[in-house]
Amino acid sequence: MQPPFTHRWDVTPAQARLIQEAGRALVVAEDRLDPIGRVAGVDVGFEQGGAVARAAVAVLEFPSLAPVASAVARRPAAFPYVPGLLSFREIPAILDALERLDAPPDLLVCDGQGLAHPRRFGLACHLGVLTGLPSLGAAKSRLLGEHGPLPPERGAWAPLVDRGETVGAVLRTRAGVAPLYVSIGHRVSLARAVGLVLALAPRYRLPETTRRAHRLASGPADATAR
DNA sequence: GCGACAG
DNA sequence: ATCTTGTCGC
C-alpha cells in the first residue's frame, strides 16, 4: 500500500513548508503505473478575489480522450496564495471533486508544478502522494528554473533546471502557443510525463476543459447565464 | 536591497 | 487568477 500521509490543512505558512519537506521523501519519481484507461485533468483556481478555492476535474478515456466524468468543487480558502504553497489553498477542493467522480482515474494531470518547486513538492506531488495515484504537473507558467531556447515546432522540449538539478521540462504542445511546464508528480518519470502531455495536447487544453467541466457540473441554468 | 513568484 | 487598453501579425 501507499505510505500513509495525512496532515492538517489549517496551518501557518511555516508549518506548510515543514509538511512539504516531509512529503517530498514519499514522492516516487519513476514509472510505476498500470496501463492507463482514464486520465483526469485537474484544474485549479479561485473566485471572489481569492476567498474561495475552486477545483474542476474532467475524466477522459485514454487514449481516445472521450469524456466520461467530471466534477467541480468550491471551498472557502483557508490559506492565502503564497508562491510555493498553492497546494494548501487548492487540494482540499480537489479532493472534494475527486470523491464525486463516477469513474476513478488512473492518472492525475495537474494544473501546477510537481517537482519543479522550491522544496520539490509542488501540487502534483502533493496530490499524488495523498491519493496514491500516478500524477504529473502541467503548468501554464513557470515557478522556478531556467531553460535554453525552445524550438518552435510541436513536440520540442528543453530541460528545466533549478540549482543544477533537472526538475522538469518545458514542452511545446503546439506550434505558436505558449509552452507547458511539465514535471514529475508521483509514480511517473519525466520522459513519460512529457509523452503523456503531448498525447493529450491535441484535444485536451486546460482552460477549455475547465469551462467544459463547469458547464457539465453546474447545469443548464448556469450555462445559459454566460 | 531588489526582483521573481504555479493559481 | 482576472481586468483593460494598446499593438502586431495573418
Side-chain angles (χ1 to χ4, degrees), chain A residues 9 11 13-14 16-17 19-21 23-24 27 40-58 72-98 108-130 135-147 152 157-163 165-171 173-186 188 190 193-194 197 205-214 225-226:
Chain A
W9 293 97
V11 294
R17 291 185 186 96
I19 289 167
Q20 291 178 330
E21 300 281 5
R24 72 193 285 184
V27 171
V42 178
D43 187 79
V44 301
F46 61 72
E47 296 170 0
Q48 297 171 33
V52 173
R54 168 186 52 70
V57 179
V72 294
R74 292 164 222 279
R75 276 210 175 203
F79 205 87
Y81 172 70
V82 179
L85 301 180
L86 177 66
S87 330
F88 287 85
R89 275 185 65 78
E90 305 292 348
I91 285 187
I94 297 173
L95 294 175
D96 286 347
L98 289 177
L108 304 172
V109 177
C110 302
D111 179 20
Q113 310 289 350
L115 285 183
H117 176 277
R119 287 162 294 281
R120 306 296 183 256
F121 198 66
L123 185 147
C125 298
H126 201 150
L127 189 60
V129 167
L130 283 172
S135 68
L136 62 88
K140 299 182 287 295
S141 65
R142 188 188 64 97
L143 176 58
L144 52 71
E146 304 84 43
H147 64 89
W157 65 276
L160 184 67
V161 177
D162 177 57
R163 289 183 268 154
E165 198 177 337
T166 295
V167 294
V170 190
L171 173 65
T173 56
R174 286 180 66 189
V177 305
L180 287 182
Y181 295 78
V182 178
S183 56
I184 289 172
H186 188 51
V188 182
L190 182 57
V194 167
V197 171
R205 300 199 219 335
L206 290 172
E208 292 171 18
T209 301
T210 304
R211 288 183 208 110
R212 170 172 208 150
H214 272 86
R226 308 225 162 197

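Only this structure's heavy atoms are used, side chains among them; waters, hydrogens and symmetry mates stay out.
Side-chain N or O atoms of A:Ser135 include none that pairs as donor or acceptor with a backbone N or O of A:Leu108 at under 3.5 Å. Distance alone, capped at 3.5 Å, places no donor-acceptor pair between the A:Arg142 side chain and the A:Val170 backbone. The closest donor-acceptor contact from the side chain of A:His117 to the backbone of A:Gly84 lies under 3.5 Å. Side chain of A:Gln113 to backbone of A:Ser141: a donor-acceptor contact under 3.5 angstrom is found. No donor-acceptor pair closer than 3.5 Å links the side chain of A:Arg54 to the backbone N or O of A:Arg74.
Not one side-chain nitrogen or oxygen of A:Tyr81 sits closer than 4.0 Å to the OP1 or OP2 atom of C:dA1. Note on A:Arg142: every side-chain N or O is 4.0 Å or more away from OP1 and OP2 of B:dA6. Remark: A:Lys140 is in phosphate contact with B:dG7, judged by side-chain N or O atoms under 4.0 Å from OP1 or OP2. One finds no side-chain N or O of A:Ser141 lying less than 4.0 angstrom from the OP1 or OP2 phosphate oxygen of B:dC5.
Stacking between A:Phe46 and C:dA1 is absent: the aromatic ring centre is not both under 5.5 angstrom from the base six-membered ring centre and within 30 degrees in plane angle.
Across all strands shown, A:Leu85 has heavy atoms under 4.0 Å from base atoms, whether or not it also approaches the sugar-phosphate. Using a 4.0 Å heavy-atom cutoff across all strands shown, A:Gly49 reaches no nucleic acid atom at all. Within the 4.0 angstrom heavy-atom criterion, base atoms lie near A:Gln113.
We find that CD of A:Gln48 is positioned 13 Å from P of C:dT2, with the value rounded to whole Å. With rounding to whole Å, A:Arg17 atom CZ is found 14 Å from B:dA6 atom P. Between the CZ atom of A:Arg89 and the P atom of B:dG7 there is a distance of 13 Å, rounded to whole Å. Per the geometry, CG belonging to A:Leu123 stands 14 Å off P belonging to C:dA1, to the nearest Å. Rounded to an integer number of Å, the gap from A:Asp43 CG to B:dA6 P is 15 Å. What separates CZ of A:Phe88 from C1' of B:dG7 is a distance of 15 Å, to the nearest Å. Taking atom NE2 on A:His117 and atom P on B:dA6, their separation rounds to 11 Å, with Å as the unit. Taking atom CG of residue A:Leu144 and atom C1' of nucleotide B:dA6, one finds them 9 Å apart after rounding to whole Å.
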Self-check item: Base-contact (B) and sugar-phosphate-only (S) positions in nucleotides 5-10 of chain C, heavy-atom cut-off under 4.0 Å, - elsewhere
Solution: ------
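Separating the CG atom in A:Leu144 from the CZ atom in A:Arg163 is a distance of 7.5 Å, to the nearest 0.5 Å.
Residues A:Trp157 and A:Val182 have side chains not in contact (no heavy-atom distance under 4.5 Å, counting atoms from C-beta outward).
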